[in-house]
Amino acid sequence: MPEGPELHLASLFVNRVCKGVVFTGDVEKSEVSKCPEVPFACEAYHISAKSRGKEVMLTLTPIKCEGAAGRAKAGLVQPMNVVFRFGMSGYFRFTPAEELPKHAHLRFYTNEKPRRALSFVDARRFGSWQPNGTWQPDRGPCTMSEYQSFRDNVLSHLSDRAFDKPICETLLNQKYFNGIGNYLRAEILHRLDIPPFVNARSVLERLQSKELSELDNKSASEKREVKSEGPDLLSLCHTVPLEVVQLGKVYDPEKADYSYFKGWVQCYSVDGMKSVRDHNGRTIWFKGDPGPLAPKDSKSPKGKKRIKKEGGDYTENKKLPKKKQARVTKKDVKQEKRVKKEKETQDEMRPKRGRQRKQEVVQTQTGTRTLRRRVTRRSARDS
DNA sequence: CGTCCACGTCTAC
DNA sequence: TAGACCTGGACGG
């Protein structure tokens, strides 16, 4: 579900299904949710929504009924904004109240005869909401709906250390790229053939000079020339998410049909593309050269082996004492297993991690595509 | 059955 | 810069 386009589609969905619908009573929170109660109770109210980057704001608006009594009642209740972040699995659904979806953690009920409910559904509960909420202050302008200020915000802060990193990691920084997530960063970089692990500033500085030249050149023809240079990294942060919004004309979580997405995606999780973990442990998908800032260790068993061969056990010794014997954390367990797997497979050729490698072997042997989990171009053509 | 992986933040050594 | 926070689907044994 949830990168900028999904959040925006969610706001369109809410506005579509809630148009003209009257809600009533308490806003209900699931027992298990740790998010705050929403202290809004109103006999009659409307719900509308808007999105900004990776947030959705619902506005609960009391309805002014006819007559002095009704007006007075509505006047007692102020409109309330509730700001949602979707985590990894959040979305909205609108169902009969008797058929709440599993993991419906916040519910708004209609005043209809068989009641219906607008639910915020979130299986993993990484999502959150904030009653009387505002857009999170540290998040930058939306790449989709506030393109010019998004662009200005990036280009006027290139000295920020946020741009010291590989471009693929900076693209996940919501202070500058509000709405970009893991699949969008891969798709955007792929469109321009930008290696994911090149320094962000070096990529973006080129756009700044272009921007300046655009200011200097006052003639329309010269501006047109600049524009005819085609899309750049920042303009794609605008247009690529909008492509996804266009795809999702009918946002219907019932269907759970993502064939449209499979047909659209060119790089993320696509068969034949490469992937590595970035410095934050997130998988970046790309084609060709990873770029100079790619993590050298721990990703590629081959790389690790080479270091060992060339540098003796220097790097090994450097790493081992880092391990703490006292506490065994989740991460330790994971790391142990990863290392074990790397040892098992370190003589193989492919620089990918165990599971993926095995998957690919199966694929080449059988000549069939990976099922469901990974997106393939072939499946796109099939469907 | 167990392991790995997932469209994202948060906050605490 | 790790963990922590969670559930569930795919895959492997």
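Values below: every heavy atom of this structure, side chains too, minus hydrogens, waters and symmetry copies. Every chain is numbered from 1 and lettered A, B, ... according to where its sequence line falls, protein lines coming before strand lines.
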Which hydrophobic side chains are connected to A:V83, either touching it within the sub-4.5 Å cutoff or through other members that do? A:M57, A:W135

Between [options], which one does the side chain of [X] approach most closely?
{"X": "A:K102", "options": "C:dG8, B:dA6, B:dC10", "value": "C:dG8"}
{"X": "A:K54", "options": "C:dG8, B:dT9, B:dA6", "value": "B:dT9"}
{"X": "A:E3", "options": "B:dG8, B:dA6, B:dT9", "value": "B:dG8"}
{"X": "A:R85", "options": "C:dG8, B:dC7, B:dC10", "value": "B:dC10"}

Looking at A:Y109, I'd like to know if the NZ or CZ of A:R115 sits under 6.0 Å from its six-membered ring centre while staying within 45 degrees of the ring's axis. yes

May I ask you to evaluate whether [X] reaches the phosphate of [N], defined as a side-chain N or O under 4.0 Å from OP1 or OP2?
{"X": "A:H279", "N": "C:dA2", "answer": "no"}
{"X": "A:S89", "N": "B:dA6", "answer": "no"}
{"X": "A:Q174", "N": "B:dT9", "answer": "yes"}
{"X": "A:R124", "N": "B:dT9", "answer": "no"}

By the 4.0 Å heavy-atom rule, please label A:R185 as base, sugar-phosphate, or nothing. nothing

Which part of the nucleic acid, if any, lies within contact of A:Q136, taking any heavy atom under 4.0 Å across all strands shown: a base, the sugar-phosphate backbone alone, or nothing? sugar-phosphate

Report the distance from atom CZ of A:R282 to atom C1' of B:dC10, rounded to the nearest whole Å. 13 Å

Tell me, which stems hold DNA chain B, with a stem being 3 or more Watson-Crick or G-U pairs in a row and both distances under 3.5 Å? B:1-6 with C:7-12, B:8-12 with C:1-5

Is the ring centre of A:F126 under 5.5 Å from the base ring centre of C:dC5, and are the two planes under 30° apart, so that they stack? yes

Under-4.0 Å salt bridge between [X] and [Y]:
{"X": "A:R151", "Y": "A:D232", "result": "yes"}
{"X": "A:R191", "Y": "A:E243", "result": "yes"}
{"X": "A:D122", "Y": "A:K102", "result": "no"}

Contacting residues from residues 166-173 of chain A, given that a heavy atom lies under 4.0 angstrom of DNA chain C: none

